[in-house]
Amino acid sequence: CRRNPKVAGLTAGIALSMALGTAIAWYFAVIASREAELARASEAATKKEKLLSDLRAYSAEMNLAFQAWDKGQMETVQQRLDAQKPELRGFDWHYLDRLCHLELAAWQGHEKAIWSVAFSADGRWLASAGEENTIRIWDVASGQTVRTLPGHAKGVHGVVFSPNRLWLASCGRDKTVRIWDLATGQSRFELHPGSEVFGLAFSPDSRRLAAAAADTTVHLWDPATGVALRVLRGHTKRVACVAFSPDGRRLASACHADEYSDRTLVEPGEVKVWDVATGEQNVVLQGAVGGVEGLTFSPDGGRIAAAGYEN
């Protein structure tokens, strides 16, 4: 049979149109694919640049955090650590974070600032006190409060356990010293030195309790009876701290500033050492420039360390 020229021409035109349409579609598909590929590459480059920028910023922040750690600025260290994105935190972040949390435990209970803590002689109990007028005694093993001791009318400057594990002594801003019975939690004696007391110390045999008073004196009591034994006079500024020698025969005392805003108003680094039996002043030690806030004897009693305002 013979072909129809018109049909053949139409068929050829349709085939050509389809081929041309396919070619155009393929062309635009290639263009779209290329544009998508370029967009992905651009996005990846942007992300990479952002990551590098973040890593540079992280490195700078960690360097500043370590500098703050060296200066003892713990609050600043923690703020810089907390600001870092979790996905960027590396070994250095975790190492520094661990240094900021070396505590074995953290106990909650006080509602205001804590000014003083003390372990019992056997390490079983921990006493804490501060701006609020109550004392807490904690079980070290469990971290639970085993006793709350109310009684002081104002904040409590210091607490100390007796070596014989029978008593706890406390001194407050209410100008009282209290001796507590650890077995019952009751206040055995309320002592009145006549001024605020900033520091306490039991003698190693628990037969004497010394108190550093704001009226420039040092008081000695018998903690078993509450009887005043002696008042030591010789300082000219308020007494900040006291410490017994390991044999209990000597007592060291020192002063701090009249006003915290003027740390020059002190006996410059003066530590007095007293004979406990006679109340006589044995020696005056001078060295540091600023007022003294803490004292301790070496285990052999041959040296005294003093901490104060001179850094």
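Note that these values count all heavy atoms, side chains included, but never hydrogens, waters or copies made by symmetry. Residue numbers start at 1 and run along the sequence shown.
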Student check: side-chain heavy atoms of Gln78 and Asp97 closer than 4.5 Å: yes
Residues that, via side-chain heavy atoms closer than 4.5 angstrom, fall in one hydrophobic cluster with Val231: none
Atom of Cys241, atom of Gly294 and distance for their closest heavy-atom approach: SG-N, 3.6 Å
Value rounded to 0.5 Å, distance of CZ in Arg147 from OG1 in Thr184: 6.5 Å
Intermediate values then yes/no, side-chain contact (heavy atoms from CB on, under 4.5 Å), Val197 and Leu191: CA-CA 11 Å; Val197 171; Leu191 309 175; over 6 Å; no
Stepwise side-chain contact (heavy atoms from CB on, under 4.5 Å) check, Trp125 with Asp139: CA-CA 5 Å; Trp125 310 115; Asp139 181 297; 3.9 Å; yes
Which atom of Pro150 lies closest to which atom of Trp180, heavy atoms considered: O-CH2, 2.9 Å
Between His152 and Thr176: side-chain donor-acceptor atoms closer than 3.5 Å: yes
Check: Arg173 side chain, Glu131 main-chain N or O, donor-acceptor pair, under 3.5 Å: no
Heavy-atom check, side chain of Leu55 versus side chain of Ser59, under 4.5 Å: no
Side chain to side chain donor-acceptor pair (under 3.5 Å) partners of Arg98, counting only residues at least two apart: none
Backbone of Val159 reached by a side-chain donor or acceptor of Ser116 within 3.5 Å: yes
Check: Asn164 main-chain N/O paired with Ser206 side-chain donor or acceptor under 3.5 Å: yes
ILVMFWY cluster membership beyond Trp115 - transitive side-chain contacts under 4.5 angstrom: none
Side-chain heavy atoms of Trp167 within contact of Leu209, under 4.5 Å: no
Beyond-backbone contact of Asn133 with Asp174, side-chain heavy atoms, under 4.5 angstrom: no
Of all pairs that satisfy ring-ring contact (aromatic ring centres under 6.0 Å, His included), the ones with a partner from residues 204-230, not counting sequence neighbours: His219-Trp221
Closest heavy-atom pair and its distance - Phe198, Val239: CD1-O, 3.7 Å
Over all atoms of both residues, closest heavy-atom pair of Arg165 and Ala121: CG-CB, 3.9 Å
Minimum heavy-atom distance Ile135-Ala129, with the two atoms named: CG1-CB, 4.0 Å
For Ser128 against Val117, the heavy-atom pair lying closest together: CB-CG1, 3.9 Å
Test item: Trp138 and Val146 side chains (from C-beta on) under 4.5 Å apart, heavy atoms: no
Approximate separation, where rounding is to 0.5 Å, of Thr76 OG1 and Leu81 CG: 11.0 Å
Salt bridge (charged side-chain N to carboxylate O under 4.0 Å, His left out) partners of residues 194-218, not counting sequence neighbours, each pair once: none
Min side-chain heavy-atom separation Leu168-Leu149 under 4.5 Å: yes
Partner of Leu232 by side chain to side chain contact (heavy atoms under 4.5 Å, CB included), out of Val276, Val242, Leu251, Asp275: Leu251
Counterpart residues, side-chain contact (heavy atoms from CB on, under 4.5 Å), relative to Ser298 (two or more places apart): Asp300, Arg303
Phe297 CZ to Asp247 CG distance, which is reported to the nearest 0.5 Å: 8.5 Å
Residues, nucleotides or ligands: over 12 heavy atoms within 6.0 Å of Arg233 CZ: no
All pairs passing salt bridge (charged side-chain N to carboxylate O under 4.0 Å, His left out) where residues 76-88 contributes a residue, at least two apart: Asp54-Lys85, Glu61-Arg80
Results of side chain to side chain donor-acceptor pair (under 3.5 Å) for Asp70 - residues two or more places apart only: none
Under the side chain to side chain donor-acceptor pair (under 3.5 Å) test, residues paired with Arg136 that sit two or more places apart: Thr145
Residue pairs fulfilling ring-ring contact (aromatic ring centres under 6.0 Å, His included) with at least one residue in residues 53-83, sequence neighbours excluded: none
Between CZ on residue Arg56 and CG on residue Leu51, distance to nearest 0.5 Å: 9.5 Å
Backbone of His110 reached by a side-chain donor or acceptor of Glu132 within 3.5 Å: no
For His94, all residues meeting side chain to side chain donor-acceptor pair (under 3.5 Å), sequence neighbours excluded: none
Co-members of the apolar cluster containing Leu52 [side chain, <4.5 Å]: none
Inter-residue atom distance Gln281.CD - Lys272.NZ, 0.5 Å rounding: 4.0 Å
Student check: side-chain heavy atoms of Leu99 and Val77 closer than 4.5 Å: no
Arg249 CZ: over 12 foreign heavy atoms closer than 6.0 Å: no
Side chain Ser120, main chain Phe161, donor-acceptor under 3.5 Å: no
Under 3.5 Å: donor-acceptor pair, side chain of Arg188, backbone of Gly226: no
